[in-house]
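Here the structure comes first, spelled out in structure tokens, and everything after it is commentary.
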Protein chains: 2
Amino acid sequence: MRSPGDGNARADNGARLVNDIGTRLEAISVWLRKLDPEATFDARDRKLLSEAVADLHAFRAGQVLSNEGDGVGTAVLIVRGIACRSKETLGGRRQIIAICLPGDLSEPGGAALEKTDYSVQALTAGCAALVPARSLRGLEKRESIAFALRRAEARDNAISREWILNLAARPAKERIAHLLCELVSRLRQVGLVRGNACEFPLSQQVLAEATGLSAVHVNRILQDLRAAGLIRLQAGKLEFPDPLRLEALAEFSPLV
Amino acid sequence: MRSPGDGNARADNGARLVNDIGTRLEAISVWLRKLDPEATFDARDRKLLSEAVADLHAFRAGQVLSNEGDGVGTAVLIVRGIACRSKETLGGRRQIIAICLPGDLSEPGGAALEKTDYSVQALTAGCAALVPARSLRGLEKRESIAFALRRAEARDNAISREWILNLAARPAKERIAHLLCELVSRLRQVGLVRGNACEFPLSQQVLAEATGLSAVHVNRILQDLRAAGLIRLQAGKLEFPDPLRLEALAEFSPLV
DNA sequence: CGCATTGTTGAAATGAATCAAAACTTGTGG
DNA sequence: CCACAAGTTTTGATTCATTTCAACAATGCG
């Protein structure tokens, strides 16, 4: 089932095609859920969207989906699993700039810049759909879809701004609480939260790279949050026993 | 000349109209410089742009140009002076999210979100041009201008990402050095740098709010940078005696 | 001239990083 | 099915960067 020399290397780049019809439907469904939560798209909108989805690829944790400096050719739609945008400091420190959940385009804004200033890397195993830049541009001709795409991008930008505030102005506990709130809120939007619990396969190391803290400190903060009864996190499952109290601590309010 | 009860209050909001022809020309010139540095626009492009500029307003330091939660009606083009986008923490701490220099739109992305998640505030005295949302949408019909606007927005986003890296991954000295490099690089793009020197009217308090550091620490770091011969900063003038060495320290590279 | 803002200094307190090592998971191959 | 390797979580001790508090000097403005 695996090619030889497989391993867990970070920069691994083998892309396995998974063009079965089930995954394809899943891709379109998750994208729709993201772009059109109020279900205002008509049949033609949905058809156009589904036609824009080209190949589907499975990826493994650590796999690089696109590299800093690459030309922006095709957009990548996350279908299952979690990825991130990241930049590196010369010291070799990786900083996660944004987290891409199912339904997210890994490189919004399309081809406005000649080359990207960040890499996209898988944080877990999963699969992604390719959306060629020209298909995307085609979609923008359709008013309803263009609006949804622009809104998604605007939300993306709002999240970046929130990250800036989070990184610069909040102490570690609040910072991590905020990140968790954000992720769960976004997972809920694409139907991946049941009650107040969801799959949460990110390691503490990853949380550290996203919050600009050390992994050790993240560990201690998580213990604090657990002890305060604000989160339950184990075996890849995350639960908020008292969402309101956690959101108050984090100063989190879901964006409109 | 001033209305009574004027003072220096942060939330001051009196807007003085300055619709003289000189300021108007300055507005168009600085916007062109920003959108079309390679001067590829034709006469019609430039005409459309100049027609989109509505009223011009003078602002004072500290004045609020638009508030968090406001609906996004008209875009604000900074013509002279410096402004910022900022968010507040419940503790009352203000965090600067982005710095708006002459030529920048204070709220890019237009009306994709119902209400903004940040405020826009003047950091110095200056003046701004209003660009009604509908004029902006009109401009987007023109391919050359639409491209330039999208590119400007993409650059804006790239700078936000760089801020995230800067805030999360770089120690104070590098962080401040990086911010200074960014600002001077952007000021140069709009012709406000002569040699390696420029006007620099931002207080250390403002630098602190932009970098997530305390004003005291910013002060000490600036002294370090001065002592190392990397910057000269006094009386509102900033100079880089050795730009390359500063950029190396900051890991700064101007975006393409 | 006086008052407000900005820049500067020192000492003490603290949040978070680092280093090092152990316990625990998880997947893998024998 | 067990044993091993690799990654992940946890713990403790120590160091370091940065904040905070407080006070004072310089600067600019009305």
Side-chain angles (χ1 to χ4, degrees), chain A residues 1-2 4-10 12 60-62 89 91-93 95 122-125 166-177 200-227 231-238, chain B residues 1-10 12 60-62 89 91-93 95 122-125 166-177 200-209 211-227 231-238:
Chain A
M1 201 98 248
R2 293 282 180 79
D6 225 354
N8 245 339
R10 253 201 185 174
D12 189 345
R60 286 184 299 280
T89 218
R93 172 168 182 170
Q95 173 63 35
L123 295 173
T124 71
N166 207 29
L167 290 167
R170 285 199 258 261
K173 199 195 293 197
E174 287 81 344
R175 199 183 301 180
I176 290 180
F200 195 83
L202 300 185
S203 71
Q204 298 182 357
Q205 176 61 40
V206 166
L207 294 180
E209 285 170 342
T211 50
L213 300 165
S214 71
V216 171
H217 202 52
V218 167
N219 180 279
R220 297 197 231 257
I221 299 285
L222 287 177
Q223 291 179 55
D224 283 0
L225 291 174
R226 271 191 277 248
I231 64 169
R232 248 190 275 160
L233 174 56
Q234 58 185 320
K237 294 275 271 175
L238 172 62
Chain B
M1 200 101 244
R2 292 280 180 80
S3 52
D6 223 354
N8 245 338
R10 253 200 185 175
D12 189 345
R60 285 184 299 280
T89 218
R93 172 168 182 169
Q95 174 62 35
L123 295 173
T124 71
N166 207 30
L167 290 167
R170 285 199 258 262
K173 199 197 289 196
E174 287 81 344
R175 199 184 299 180
I176 290 179
F200 195 84
L202 301 185
S203 71
Q204 298 182 355
Q205 176 62 38
V206 165
L207 294 179
E209 285 170 340
T211 51
L213 300 166
S214 70
V216 172
H217 202 52
V218 167
N219 179 284
R220 296 198 235 257
I221 297 287
L222 286 177
Q223 291 179 54
D224 283 0
L225 291 173
R226 271 191 277 249
I231 64 170
R232 248 189 276 160
L233 174 56
Q234 59 185 321
K237 292 276 272 174
L238 172 62

Please report the distance, rounded to the nearest Å, between [atom1] in [X] and [atom2] in [N].
X	N	atom1	atom2	result
B:E209	C:dT6	CD	P	10 Å
B:K173	D:dA17	NZ	C1'	13 Å
A:I221	C:dA16	CD1	C1'	9 Å
A:L207	D:dT9	CG	C1'	12 Å
A:L222	D:dT10	CG	P	8 Å
B:D224	C:dT9	CG	C1'	14 Å
B:L233	C:dG7	CG	P	8 Å
A:R93	C:dA17	CZ	P	8 Å

Considering only [options], which nucleotide approaches the side chain of [X] most closely?
X	options	value
B:Q204	D:dT10, D:dT19, C:dT8	C:dT8
B:A172	C:dA17, D:dT18, C:dT9	D:dT18
A:N219	C:dA17, D:dT9, D:dT19	D:dT9
A:H217	D:dT20, D:dT18, C:dA16	C:dA16
B:R220	D:dT19, C:dA16, C:dG7	D:dT19

Locate the shortest heavy-atom distance separating [X] from [Y]; write the atom from each residue and the value.
X	Y	value
A:P171	A:A169	CD-O, 4.0 Å
A:Q95	A:A210	NE2-O, 3.4 Å
A:G212	A:R93	O-NH2, 3.5 Å
B:A172	B:I221	CB-CD1, 3.9 Å
A:T124	A:P201	CG2-CG, 3.7 Å
A:A208	A:S214	CB-C, 3.8 Å

| field | Set of residues satisfying side chain to side chain contact (heavy atoms under 4.5 Å, CB included) with respect to A:R226, sequence neighbours excluded | value | A:Q204, A:L222, A:Q223, A:I231, A:L233
| task | Calculate, to the nearest 0.5 Å, the distance between atoms NZ and CZ belonging to A:K173 and A:R220 respectively. | result |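 Nearest 0.5 Å value for the NZ-CZ distance: 14.0 Å.
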| task | Note the angle between the end axes of the helix from C:dC1-D:dG30 to C:dG30-D:dC1, five pairs defining each, rounded to 10 degrees. | result |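 Answer rounded to 10°: the end axes differ by 40°.
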Contact class for [X] (heavy atom, under 4.0 Å): base, sugar-phosphate, or nothing?
X	value
B:L213	sugar-phosphate
B:S214	base
A:G236	nothing
B:R226	sugar-phosphate

| request: Respond yes when some side-chain nitrogen or oxygen of B:Q234 is under 4.0 Å from OP1 or OP2 of C:dG7, and no when none is. | output: no
| said: Taking 4.0 Å as the cut-off, does a side-chain nitrogen or oxygen of B:Q223 come that near to OP1 or OP2 on C:dG7? | reply: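 So the side chain of B:Q223 is outside the cut-off, no N or O lying under 4.0 Å from OP1 or OP2 of C:dG7.
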Listing time: all N or O pairs from protein to nucleotides 22-29 of chain D that are below 3.5 Å?
none

| query | How would you list, by chain and number, every residue that makes a side chain to side chain donor-acceptor pair (under 3.5 Å) with B:R170, sequence neighbours excluded? | reply | B:E162, B:N166, B:H178, B:E251
| task | Could you pull out all residues at least two apart from B:E174 that satisfy side chain to side chain donor-acceptor pair (under 3.5 Å)? | result | none
Quick one: which protein N/O atoms are closer than 3.5 Å to N/O atoms of nucleotides 21-24 of chain C? Pair and distance per line, please.
none

| remark: The single option from B:N219, B:I176, B:L167, B:L207 that satisfies side chain to side chain contact (heavy atoms under 4.5 Å, CB included) with B:L213 is B:I176
